[in-house]
Amino acid sequence: MSRDNSLNNDKKSVKGSNVGSLIVSIFFILAGFLTLFDTQSYTDADSSVFPQAAAILLILCASVSTIQNLIRPMADEGFGRGSWWRRLLLVTTMLLTCFAMPYIGFLLAAVISFVGGMIAAMHDRWSLKALIVYLGSGALIMVVFYMLFRYALYVPLP
Amino acid sequence: VGIDNFLAALTLTNIALALFGVVAGTIIGSIPGLTATMAVAVLVPITFSMEPASALILLGAIYTGAIYGGAYAAILLNTPGTPSAIATTFDGYPMAKRGDGDLAVALACFASVFGGLVGAMALLFLAPPLSEVALAFGPGEYFWLSIFGLSLIAALSNGNLMKGLAGGAFGLILSTVGVAEISADIRLTFGSQTLISGFGVVGALIGLYCIPVLIDLVAVPDRHLKIEDDVKSVRIGEAAAIAMKSKVNLIRSSIIGTLVGILPGAGGSVAGLVAYSEAKRNASPDQKFGEGEPDGIIATESANNATVGGGFIPTLVLGIPGTPPDAVILGALLVQGVRTGPTLFQSGSDSIAYTFIYGLLIATILMLPVGLLIGRYAYKSIVTIPKAVLVPTVGFMTIIGTFAIHNSISDVGIMIGLGVFGWIVGRFGFSASPIVLGLILGPIAEQGFVQSWIIGSATNDLIGMFFGRPISQAIVAFTLLSLFYPLFVGRRQRAKK
């Protein structure tokens, strides 16, 4: 696999925009209102006073942050440079591992996560030696941790 | 407090147990997801056949080793191995990124040993009087202590206080998800069975700190950490010199750790955060906390290891566990038929308490060579291992570590979800640290607030309940100082210029 070509593709997003910051602030404001809405259903006032206080604080701070962003916009750092397919591959394989674990067992699911992570993180050219060494180390690490958790720490791994 | 107890602790068996405990604890603590509580709990069954003092020495050594071990992952992977090492990430990871990871690991070891010794000394000489501190803390004091911890948000906001406060408030809301502790209402689950048990702190920590690092690591071909070519081993001499220079910080943070450790339920994470906050407040203007300042590591690591000795004070004197691992150790003591209380501290050659305390001191001293040795190999492994092996290994450890907490696959899903969320919001100036701070301190703040509210309403003295007691007033004063002192100093410096 050759060195990734997409490194420079999203450099444009590093400067200039504060849209992301505004979206996150609006998300927090909505989360605050959702919390306030949810507290209406509690039977005991003691359960609602703290989340209500936190929600009001969240709405206030996120609102001030939004206003600051509109009056005096500051460019976000943004997602920066880097390869999106690698990021997506890593997260997807981790999620896949999580959902597949009850069906195919821990070790097989861990293989998915390990191989996915390895492909995502491999920026050098692949060679047979690297493949064998990396897969071998991965297998050893997984088996050692599996034994440690399963038999020494008594964690009931699927 | 005599020589007999010291000699009783100094048997070959006890030294071997202390050494084994420190090594095992350090390794377990360095794995994200495996907490000190888990390390102690797993090894409790093997202590049942031992002498009570030896069993206590082994468990104490595992506990102190695990608290220290949490620093490795915090420094080298930006993932607190245990919740106690949260504040270690603030400066430890930036140090590692700029090529000072070996120095940070050595500093953490020196600070941990010093803090551990101060905590153990307090346990040795001051246990009965200091246990009174635990009783003096009511719900109002706990509430203000958590607010004091939250005041650290101001320092963690990366120049945007409003974003930091919003993150902290969001963390507080996340901490309320699930069943309410006081009135058992089900909150913010929106019908999901998965969320009924709420957001686990350890899973959230792993997700919010570790997943963003992994996402960034895979995206670019750069090395994980910078390596200084001229440095061949862990910089012990340099670390010792920095620690000596920061002796005031070391002593202050160790005392804070001991006192916070005495408070039931507070623990190493709160101690580390409070000590970090105080170190930052007392720092000189040229010290850049959050950007790789050695004093940040010294404060956190000395404080969290001091909680070990501090936590044993109410555990052994009052039978009230100071920290979660203390609760497990207390259970082990009860199984052994040992009754806790002031009588446990009666001196004599057969005093379990004093033999154990000397054993804890020996274990803490052993942590110095063990910690530096393991630290050296941990650092070398992390910096030299190819990224294509490091990333999947750490990813695998986050999954297995999060699963192990409650044997729950849902926890793993939540951890990954929070990690992606933390990465996205972090890219837009909303740092993960205030969210974590809210998540950790939220339950303590809520319980203290609601209990104070109920008692204050019942006695018709709300103001008195929150502000009337001297300890509350002192903590409020420290909180205000922590928030406004940097502003005051900044204004004075501008005026001078």
Side-chain angles (χ1 to χ4, degrees), chain A residues 3-4 7 20-21 24-25 28 31 35 38 42-44 46-47 49-51 54-55 57-58 61-62 64-65 68 76-83 86-87 90-91 94-95 97-98 101-102 110 113-118 120-123 134 137-138 141-142 145 149 152-157, chain B residues 34 38 42 160 162-163 165-170 172-173 176 180 182-185 187-188 190 211 214-221 386-400 403-404 407 409 412-413 416 419-420 424-425 427-430 438 442 445-446 449-450 453-454:
Chain A
R3 186 174 283 266
D4 195 66
L7 291 179
S21 199
V24 176
S25 295
F28 278 149
T35 305
D38 192 69
Y42 304 160
T43 52
D44 197 325
D46 297 335
S47 300
V49 61
F50 191 78
L57 180 67
L58 178 62
C61 295
V64 173
S65 175
Q68 279 178 340
D76 291 321
E77 183 191 353
F79 291 116
R81 69 193 182 103
S83 162
R86 290 177 189 277
R87 289 170 176 152
L90 177 78
V91 174
M94 287 185 81
L95 284 172
T97 302
C98 173
M101 207 187 290
S113 162
F114 201 93
V115 172
M118 196 170 72
M122 186 63 172
H123 287 266
Y134 292 177
S137 336
I141 289 164
M142 281 189 286
F145 271 92
F149 278 75
L153 303 176
Y154 306 110
V155 176
L157 295 169
Chain B
L34 293 189
M38 192 185 271
V42 160
N160 195 323
M162 281 304 137
K163 285 183 175 177
L165 286 173
F170 188 68
L172 289 176
I173 289 175
T176 65
I182 291 179
S183 45
D185 268 308
R187 303 186 295 192
L188 293 164
F190 306 105
I211 299 296
L214 293 181
I215 293 174
D216 283 335
L217 269 180
V218 296
V220 291
K387 205 192 258 190
V389 177
L390 179 71
V391 168
T393 303
V394 175
F396 170 72
M397 281 164 66
T398 62
I399 292 172
I400 198 168
F403 178 85
N407 307 327
I409 289 165
V412 181
I416 298 168
V420 174
I424 293 171
V425 299
R427 286 294 179 165
F428 298 107
F430 293 87
E446 179 175 17
F449 181 80
V450 173
W453 185 270
I454 293 170

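Residue numbers start from 1 in every chain, and the chains themselves are labelled A, B, ... in the order their sequence lines are given, proteins ahead of strands. Just so it is clear, the values below take in all heavy atoms, side chains as well, and ignore hydrogens, waters and symmetry mates.
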Just by distance, no angles: are the side chains of Ser21(A) and Lys163(B) close enough, under 3.5 Å, to form a donor-acceptor pair?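 Note: Ser21(A) and Lys163(B) side chains meet the donor-acceptor criterion.
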By side-chain contact (heavy atoms from CB on, under 4.5 Å), which residues pair with Ile424(B), not counting sequence neighbours?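 Ile424(B) satisfies side-chain contact (heavy atoms from CB on, under 4.5 Å) with Phe79(A), Val420(B), Phe428(B) once adjacent residues are dropped.
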Of all the heavy-atom pairs spanning [X] and [Y], show the shortest one and how long it is.
X         : Y         : answer
Pro386(B) : Tyr134(A) : CB-OH, 3.3 Å
Phe149(A) : Ala404(B) : CE2-CB, 3.6 Å
Ala166(B) : Leu58(A)  : O-CD1, 3.1 Å
Asp216(B) : Arg87(A)  : OD1-NH2, 4.4 Å

Output the option from [options] having the highest count of non-hydrogen pairs under 4.5 Å with chain A.
options                                    : value
Phe403(B), Phe449(B), Phe396(B)            : Phe396(B)
Thr176(B), Val425(B), Ile211(B)            : Thr176(B)
Ile400(B), Val391(B), Val389(B)            : Ile400(B)
Val394(B), Asn407(B), Leu172(B), Ile173(B) : Ile173(B)
Val412(B), Thr398(B), Ile399(B)            : Ile399(B)

Heavy atoms only, distances under 4.5 angstrom: which of [options] has the most pairs with chain B? Name it, please.
options                                  : answer
Thr97(A), Leu95(A), Leu90(A), Val115(A)  : Leu90(A)
Val155(A), Asp38(A), Val64(A)            : Asp38(A)
Ile141(A), Val24(A), Leu57(A), Val49(A)  : Val24(A)
Met101(A), Met94(A), Gln68(A)            : Met94(A)
Ser137(A), Cys61(A), Ala62(A), Gly117(A) : Cys61(A)

Is Ile416(B) close to chain A through its backbone or its side chain, or both, or neither, when contacts mean heavy atoms under 4.5 Å?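 Answer is side chain: those atoms of Ile416(B) sit under 4.5 Å from chain A.
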Heavy-atom cut-off 4.5 Å, strictly under: side chain, backbone, both or neither for Ile454(B) against chain A?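 When you check distances to chain A, only side chain atoms of Ile454(B) fall under 4.5 Å.
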Is there a donor-acceptor pair closer than 3.5 Å between any side-chain N or O of [X] and the backbone N or O of [Y]?
X         : Y         : value
Asp185(B) : Thr43(A)  : yes
His123(A) : Ala388(B) : no
Arg187(B) : Ser47(A)  : yes

Phe28(A) and Phe170(B) aromatic ring geometry - parallel, tilted or perpendicular at 30°/60° bounds: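 Correct class here is tilted.
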